[in-house]
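Below: one structure, written as structure tokens.
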Protein chains: 2
Amino acid sequence: MENQNISDIIESYLKQILAESQQVEIRRAEIANQFNVVPSQINYVIKTRFTIQDGYVVQSKRGGGGYIRIEKVKLLDNLDFIDSLVTAVGDQISRHDSLSVVRSLFEAGAINRSEANIILAAINKDAINTGDRQADEQIRAQILISILNHLRYES
Amino acid sequence: MENQNISDIIESYLKQILAESQQVEIRRAEIANQFNVVPSQINYVIKTRFTIQDGYVVQSKRGGGGYIRIEKVKLLDNLDFIDSLVTAVGDQISRHDSLSVVRSLFEAGAINRSEANIILAAINKDAINTGDRQADEQIRAQILISILNHLRYES
DNA sequence: ATAATATTAGTCAACATTAGTCAAGAACAC
DNA sequence: GTGTTCTTGACTAATGTTGACTAATATTAT
């Protein structure tokens, strides 16, 4: 309790609000000022303490009237399964292996047939074809991981 | 929620009218005056929030009795709907515009909410982020077109 | 009819206002 | 001492606001 750093304090402050509300919306500069830190520290707090693994989804907008909104989401009970697929995907993944990932999702009931087909359309060779095989495999991995992270929670 | 910028407020005002009516016709200077902004801000609002990707068609006339008319178009009436979106996507597309495309697909009934969310996960900035913005926009366009083509043959 | 003037909307670039990224150094835990 | 986490600030990016200038159309004067 005594040795809390400022990031922990900001985290507590936001989570306290989230305990009573489904979401919290802040102006970055305002919170930074309130806690007497530089604005980018708010990004640090969010990046390290409000991840999808923790059950939070973050949205933001820049410019006049800008904001950062943190939403608490209901995580599904497939987390271990998703984790294992995220690990399997890694930094890059071949087209062949990515088919297996999508098939696993379908067979596990995480997605239905038409959702599977959309994912396949998003990662097939018409969709991702930069001319550099390794680059393609990296992009495919990022897309799959983004989709897997989305499948962690109820939306 | 409280600190909406004026462009959002004008957008809401116009969409509120469009919720009850197929179209809205305004005099630019009048609306600008009503919301206490310069007239060109009305153009900004229309350009960023009432595009064809969003499902709106805008017509205007200058001179005495001039007007700006925003019409909500029924996308399903258009058999070439997918084609028009493919054209709108083009060789590259910004994240902002790609959101409009997905929203249009959803509002047209071509995809349901969870399919829309999967597509958004596939094209958001976590998914596509090579460090080269133009490259990202090109990849995003290819993925969207691949999905659009899939949807064309699916239905 | 034609030209001049008035009355609208359109474009564009400068400026303002937000948030995001990244890397260096400090503080901390072991 | 070493490795991790935290803090900071310079730089970048996205979005919104403003006003000077331009273009189109209508009205009025000749």
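Within every chain, numbering begins at 1; the chains are lettered A, B, ... in the order of the sequence lines, protein sequences first and strands thereafter.
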Send over the distance from [X] [atom1] to [N] [atom2], rounded to a whole Å.
X: B/Ile68; N: C/dT8; atom1: CD1; atom2: C1'; result: 10 Å
X: B/Ile9; N: D/dG16; atom1: CD1; atom2: P; result: 12 Å
X: A/Ile31; N: C/dT18; atom1: CD1; atom2: C1'; result: 15 Å
X: B/Ile26; N: C/dG10; atom1: CD1; atom2: C1'; result: 13 Å
X: B/Asn43; N: D/dA24; atom1: CG; atom2: P; result: 15 Å
X: B/Asn33; N: C/dT7; atom1: CG; atom2: P; result: 16 Å
X: B/Lys125; N: D/dT12; atom1: NZ; atom2: P; result: 19 Å
X: B/Ile46; N: C/dT11; atom1: CD1; atom2: P; result: 11 Å

The nucleotide from D/dA14, C/dA19, C/dA9 with an atom nearest the side chain of B/Arg133 is D/dA14
Note: for B/Arg95 and B/Gly65 on DNA chain D, the residue whose nearest nucleotide lies more 5' is B/Arg95
Are the side chain of [X] and the backbone N or O of [Y] linked by a donor-acceptor pair below 3.5 Å?
X: B/Ser98; Y: B/Arg95; answer: yes
X: B/Gln53; Y: B/Leu85; answer: no
X: B/Asn5; Y: A/Gly64; answer: yes

In numerical order, the residues of residues 53-63 of chain A whose heavy atoms come under 4.0 Å of DNA chain C are A/Ser60, A/Lys61, A/Arg62, A/Gly63
Provide a list of protein-nucleic acid N or O atom pairs under 3.5 angstrom, restricted to nucleotides 4-10 of chain D.
unit_1 : atom_1 : unit_2  : atom_2 : d
D/dC6  : OP1    : A/Arg49 : NH2    : 2.8
D/dC6  : OP2    : A/Tyr44 : OH     : 2.3
D/dC6  : O5'    : A/Tyr44 : OH     : 3.2
D/dT7  : OP1    : A/Ile6  : N      : 3.1
D/dT7  : OP2    : A/Ser7  : N      : 3.1
D/dT7  : OP2    : A/Ser7  : OG     : 2.4
D/dT7  : OP2    : A/Gln41 : NE2    : 2.2
D/dT7  : O5'    : A/Gln41 : NE2    : 3.3
D/dG9  : N7     : A/Ser40 : OG     : 3.2
D/dG9  : O6     : A/Ser40 : OG     : 2.6

Salt-bridge test for B/Glu137 and B/Arg133: reply yes if a basic N is under 4.0 Å from a carboxylate O, no otherwise. no
side-chain hydrogen bond (donor to acceptor under 3.5 Å, both in side chains) pairs touching residues 75-88 of chain A, sequence neighbours excluded, are A/Asp83-A/Arg152
Sequence neighbours excluded, the answer for ring pair (Phe, Tyr, Trp, His ring centres under 6.0 Å) partners of B/Tyr56 is B/Phe50
Show the atom names and distances, to 0.1 Å, of all donor-acceptor pairs under 3.5 Å that link a side chain in residues 38-47 of chain A to residues at least two apart or in another chain.
unit_1  : atom_1 : unit_2  : atom_2 : d
A/Gln41 : NE2    : A/Ser7  : OG     : 2.8
A/Asn43 : OD1    : A/Arg28 : NH1    : 2.7

Worked check of side chain to side chain contact (heavy atoms under 4.5 Å, CB included) between B/Gln34 and B/Ile26:
CA-CA 11 Å; B/Gln34 183 176 330; B/Ile26 62 170; over 6 Å; no
With sequence neighbours left out, the residues meeting salt bridge (charged side-chain N to carboxylate O under 4.0 Å, His left out) with B/Arg103 are B/Asp54
